[in-house]
Amino acid sequence: MSEELFKNVISHAKEYGFVFPGSEIYDGLAAVYDYGQNGVELKNNIRTYWWKSMVQMHENIVGLDSAIFMHPKVWKASGHVDGFNDPMIDNKDSKKRYRADVLIEDQVEKYVQKIEKEVEKGRKRFGDSFDEVQFRATNPNVQRSQKTIDYINGRMKNALEAGDLADLKELIEELAIACPISGSKNWTEVRQFNLMYSTQMSATDGESQIYLRPETAQGIFVNYLNVQKTGRMKLPFGIAQTGKAFRNEIVARQFIMRMKEFEQMEMQFFVQPGTELEWYKYWKEARLKWHLNLGTDAKKYRYHDHVKLAHYANAAVDIEYDFPFGFKEVEGIHSRTDFDLGRHQEFSGKKIQYFDPERNENYVPYVIETSIGLDRMFLVMMTNSLKEEKLENGENRSVLSLPPALAPFQCAILPLMKKDGLPEMGEKIFKKLRLDFNCYYEDKDSIGKRYRRQDAIGTPICITVDHDSLANEDVTIRFRDTMEQKRVKIAELSEIIDKEVSMKSLLGGL
Ligand code: ATP
């Protein structure tokens, strides 16, 4: 069922102009995708929702747009040149390449699911008197699975931290992990693989190697002083930016989930050392609220605390969404201490500090990062919204129940017929409403067909102009999800649409 939903999402995304395979006429380019006419609108709207909620709604967060190309020393300082590696392993029979840690994590997930099944069984057996906490703490099957999970996680954490690739391989063998494609356990050794793309930049003294940024965060760190000074920012404050990032992912799969070129929306929040865990808690909660404010079922989200903390972090959590292929990371919240600014201070030789007038001292601020993938969020919205419905008249409809403010078009103006002055009236309405909303105009085909097309791209409101409209200055509006229709005055349209679909109403829920 889930697999089918995922296939439907991919084909729907293509058929309705949301996402196309990159360079398709040349048979595509692996793990690279292009956003079509409707996709670009949805993507822009998700970005706007993020930007407004982070920047516009916080008086102490400002924006930035830094360059993709950065001085090569940035990536030396950040640790990416030496440490931005994934442990990879090949299956000798299928010739498929995997991330060793992902293979192991997938194995852990099987035990997590075992526990959840056991808990569900318990819930059914004990009914109202079911005490979940006690059950989890005492049930022998749950305990056994939990022990295995702790063992695997502990061993993986140690191996990753020590860079012990041989032990990762041993763990894969011990757990009898088989290749999902060939079913074989015939593995190569585990090797490190750097994910950064590099290119050449010519300079007067020859060529120098530079990298395509693998994250947007470093652009924020290297501009910390510029923004703090020119914006007269006081701690705590944040800098937000959205933009492209590039990673030579070993296993690029699952559509736009893991791409080689993708977009991030990141915010670095600079705080007084010692207060970072309070702020970490704040952002962990605030970011989940941002997701749930879109109306997604809370059961579809969960936190996943990091087993292996990066060497610079003192707390890290992922916000995961229940995709058709399981719970996977959409966003990470990381307490990065003073690592990044400290390293740039060391490598650049420039003092990167904050003078705290209250404490009357200089120090390197600590940082909480929130980092979300725009493309993954797009996939969350598509998978969560696409529904196939059977209507009372026996017909089927595909409907994309996107949060109205994020839909590519907020409304469609549909004159019932292409004659008798109806298109002229429709156009008049279109010209007025387009100042506030992204509107679709169409006067061809039967009204039923046009409604279906708007449902399929998620347009929350359709406005139909008919002969009565000419005499009464009113129109029929139809709502996407309920298909309810009502008659309203043309003069009231702006206000009605605004209430139903505006970004303002969405942001108001935060
Ligand atoms: P993963 O473990 O899934 O590779 P990550 O931990 O490397 O992700 P981060 O470095 O924390 O990811 O990046 C922040 C966010 O950027 C992720 O939560 C994700 O939404 C997004 N992201 C990372 N890599 C990709 C990618 N290859 N394609 C699309 N989005 C990505």
Side-chain angles (χ1 to χ4, degrees), residues 31-32 47 50-51 54-55 61-86 192-231 233 237-250 252 258-270 310-313 331-332 334 336-354 364-375:
V32 178
R47 195 191 296 106
W50 184 86
W51 187 267
M54 297 301 270
V55 179
I61 300 181
V62 292
L64 179 78
D65 183 12
S66 70
I68 288 174
F69 289 145
M70 300 181 77
H71 195 288
K73 273 196 194 161
V74 168
W75 305 110
K76 200 73 197 155
S78 68
H80 283 82
V81 171
D82 299 317
F84 193 48
N85 302 315
D86 276 343
Q192 292 289 19
F193 182 82
N194 194 293
L195 301 181
M196 277 198 296
Y197 284 104
S198 66
T199 185
Q200 253 56 359
M201 183 173 265
S202 19
T204 41
D205 52 351
E207 297 265 293
S208 71
Q209 187 186 35
I210 56 166
Y211 299 99
L212 271 71
R213 68 179 178 199
E215 62 175 30
T216 59
Q218 297 304 322
I220 295 180
F221 294 127
V222 302
N223 279 293
Y224 162 79
L225 278 182
N226 283 336
V227 175
Q228 193 270 323
K229 292 225 156 78
T230 59
M233 308 302 291
F237 76 92
I239 305 179
Q241 89 162 324
T242 69
K244 285 281 173 101
F246 305 82
R247 294 183 189 177
N248 196 359
E249 296 280 1
I250 299 171
R258 192 172 294 287
M259 303 153 92
K260 300 204 177 207
E261 173 184 339
F262 59 100
E263 191 163 336
Q264 290 187 314
M265 307 191 286
E266 297 197 298
M267 193 276 299
Q268 310 295 327
F269 199 69
F270 301 95
H311 54 285
Y312 50 79
E331 172 157 9
H334 311 123
R336 295 177 77 122
T337 68
D338 57 355
F339 175 79
D340 303 271
L341 291 183
R343 292 276 288 190
H344 287 304
Q345 179 166 261
E346 186 186 330
F347 278 67
S348 67
K350 307 266 178 349
K351 201 168 144 193
I352 306 182
Q353 299 198 346
Y354 176 76
V364 179
Y366 271 40
V367 170
I368 306 300
E369 164 183 83
T370 71
S371 173
I372 171 171
L374 176 49
D375 312 271

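Just so it is clear, the model here is predicted, and its values are computed rather than measured.
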*Asks:* Can you tell me how far the NZ atom of K244 sits from the CG atom of L212, to the nearest 0.5 Å?
*Replies:*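 Rounded to the nearest 0.5 Å, the NZ-CG separation comes to 11.0 Å.
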*Asks:* Please identify each residue that fulfils salt bridge (Lys or Arg N to Asp or Glu O under 4.0 Å) with K350, with sequence neighbours left out.
*Replies:*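 Applying salt bridge (Lys or Arg N to Asp or Glu O under 4.0 Å) to K350 gives none.
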*Asks:* Between E331, M267, M54, E266, which is the residue that forms a side-chain contact (heavy atoms from CB on, under 4.5 Å) with I372?
*Replies:*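 Only match with I372 under side-chain contact (heavy atoms from CB on, under 4.5 Å): E331.
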*Asks:* Considering non-hydrogen atoms only, spot the tightest contact between R247 and F262 and give its length.
*Replies:*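 Minimum heavy-atom contact is NE-CZ, 3.6 Å.
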*Asks:* Determine the minimum heavy-atom distance between R343 and A77, stating which atoms define it.
*Replies:*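 Closest pair (atom of R343, atom of A77, distance): NE-O, 2.7 Å.
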*Asks:* Once you round to the nearest 0.5 Å, how far does CD of Q345 lie from CG of D338?
*Replies:*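 Reported to 0.5 Å precision, the distance equals 9.0 Å.
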*Asks:* Should we say atom CZ of F347 is surrounded by more than 12 heavy atoms from elsewhere, each under 6.0 Å from it?
*Replies:*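 Enclosed.
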*Asks:* Please confirm whether F270 and Y354 have ring centers closer than 6.0 angstrom.
*Replies:*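 Ring centres of Y354 and F270 not closer than 6.0 Å.
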*Asks:* Within this structure, what is the CZ-CD distance for the pair F193 and E249, rounded to the nearest 0.5 Å?
*Replies:*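 So the gap between those two atoms works out to 9.5 Å.
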*Asks:* Locate the shortest heavy-atom distance separating V55 from G63; write the atom from each residue and the value.
*Replies:*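 Closest approach of V55 to G63: CG1-N, 4.1 Å.
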*Asks:* Mind checking ring pair (Phe, Tyr, Trp, His ring centres under 6.0 Å) for Y366 and listing every partner two or more places apart, or none if nothing turns up?
*Replies:*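 Result, ring pair (Phe, Tyr, Trp, His ring centres under 6.0 Å) vs Y366: none returned.
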*Asks:* Taking only residues two or more places apart in sequence or in another chain, which ones pass ring pair (Phe, Tyr, Trp, His ring centres under 6.0 Å) with F339?
*Replies:*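 Listed in chain order: H311, Y312.
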*Asks:* So, using side-chain hydrogen bond (donor to acceptor under 3.5 Å, both in side chains) as the criterion, who are the partners of K73 when residues are at least two apart?
*Replies:*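 Partners of K73 by the side-chain hydrogen bond (donor to acceptor under 3.5 Å, both in side chains) criterion come out as none, since no residue qualifies.
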*Asks:* Considering residues at least two apart in sequence or located in another chain, which fulfil the ring pair (Phe, Tyr, Trp, His ring centres under 6.0 Å) criterion with H80?
*Replies:*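 Testing H80 for ring pair (Phe, Tyr, Trp, His ring centres under 6.0 Å), a comparison that skips the adjacent residues, returns W75, F84.
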*Asks:* Report the residues that fulfil salt bridge (Lys or Arg N to Asp or Glu O under 4.0 Å) with R213, sequence neighbours left out, ordered by chain and then residue number.
*Replies:*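 So R213 forms no salt bridge (Lys or Arg N to Asp or Glu O under 4.0 Å) with any residue.
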*Asks:* I'd like to check the salt bridge (Lys or Arg N to Asp or Glu O under 4.0 Å) partners of D82; sequence neighbours left out, ordered by chain and number.
*Replies:*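 In terms of salt bridge (Lys or Arg N to Asp or Glu O under 4.0 Å), with neighbours along the sequence ignored, D82 is linked to K76.
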*Asks:* Nearest 0.5 Å, please: how far is CG in N85 from CE in M196?
*Replies:*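 Result: 9.0 Å between the selected atoms.
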*Asks:* Could you list the residues that satisfy salt bridge (Lys or Arg N to Asp or Glu O under 4.0 Å) with D86, not counting sequence neighbours?
*Replies:*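 Scan of D86 (salt bridge (Lys or Arg N to Asp or Glu O under 4.0 Å), adjacent residues dropped) gives R99.
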*Asks:* Which atom names give the shortest non-hydrogen contact between Q264 and A245, and what distance separates them?
*Replies:*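 Shortest heavy-atom separation between Q264 and A245 comes out as OE1-CB, 3.9 Å.
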*Asks:* For T242, which residues count as a side-chain hydrogen bond (donor to acceptor under 3.5 Å, both in side chains) partner, sequence neighbours excluded?
*Replies:*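 T242: no side-chain hydrogen bond (donor to acceptor under 3.5 Å, both in side chains) contacts found.
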*Asks:* Identify, with sequence neighbours excluded, every residue that meets side-chain hydrogen bond (donor to acceptor under 3.5 Å, both in side chains) alongside T337.
*Replies:*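 By the side-chain hydrogen bond (donor to acceptor under 3.5 Å, both in side chains) rule, T337 matches no residue at all.
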*Asks:* Show your working on side-chain contact (heavy atoms from CB on, under 4.5 Å) between T199 and F69 and close with a plain yes or no.
*Replies:* CA-CA 10 Å; T199 185; F69 289 145; 4.1 Å; yes
*Asks:* Please name all residues satisfying side-chain hydrogen bond (donor to acceptor under 3.5 Å, both in side chains) with Q228, sequence neighbours left out, ordered by chain then number.
*Replies:*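 Listed in chain order: nothing, the list is empty.
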*Asks:* So do V74 and Y211 actually touch side chain to side chain, heavy atoms under 4.5 Å?
*Replies:*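 Result no, sub-4.5 Å side-chain heavy-atom pair not found.
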*Asks:* For F221, give me all partners under ring pair (Phe, Tyr, Trp, His ring centres under 6.0 Å), at least two apart in sequence or on another chain.
*Replies:*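 F221 satisfies ring pair (Phe, Tyr, Trp, His ring centres under 6.0 Å) with no residue once adjacent residues are dropped.
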*Asks:* Provide the closest heavy-atom pair for I61 versus A240 in the form atom of the first, atom of the second, distance.
*Replies:*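 Between these two residues, the closest heavy atoms are CG2-CB, 4.2 Å.
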*Asks:* Between N248 and K260, is there a donor-acceptor pair closer than 3.5 Å when you use the side chain of the first and the backbone of the second?
*Replies:*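 Side chain of N248 to backbone of K260, a donor-acceptor pair under 3.5 Å: no, none is there.
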*Asks:* What are the two closest heavy atoms between I220 and L64, and how far apart are they?
*Replies:*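 In terms of heavy atoms, the two residues are closest at CA-CD2, 3.7 Å.
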*Asks:* Any side-chain donor paired with an acceptor under 3.5 Å for S66 and Q241?
*Replies:*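 Yes, because at least one side-chain N or O of S66 sits under 3.5 Å from a partner of the opposite role on Q241.
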*Asks:* With a 3.5 Å distance limit and no angle check, can you tell me whether Q268 reaches the backbone of I239 through a side-chain donor-acceptor pair?
*Replies:*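 No.
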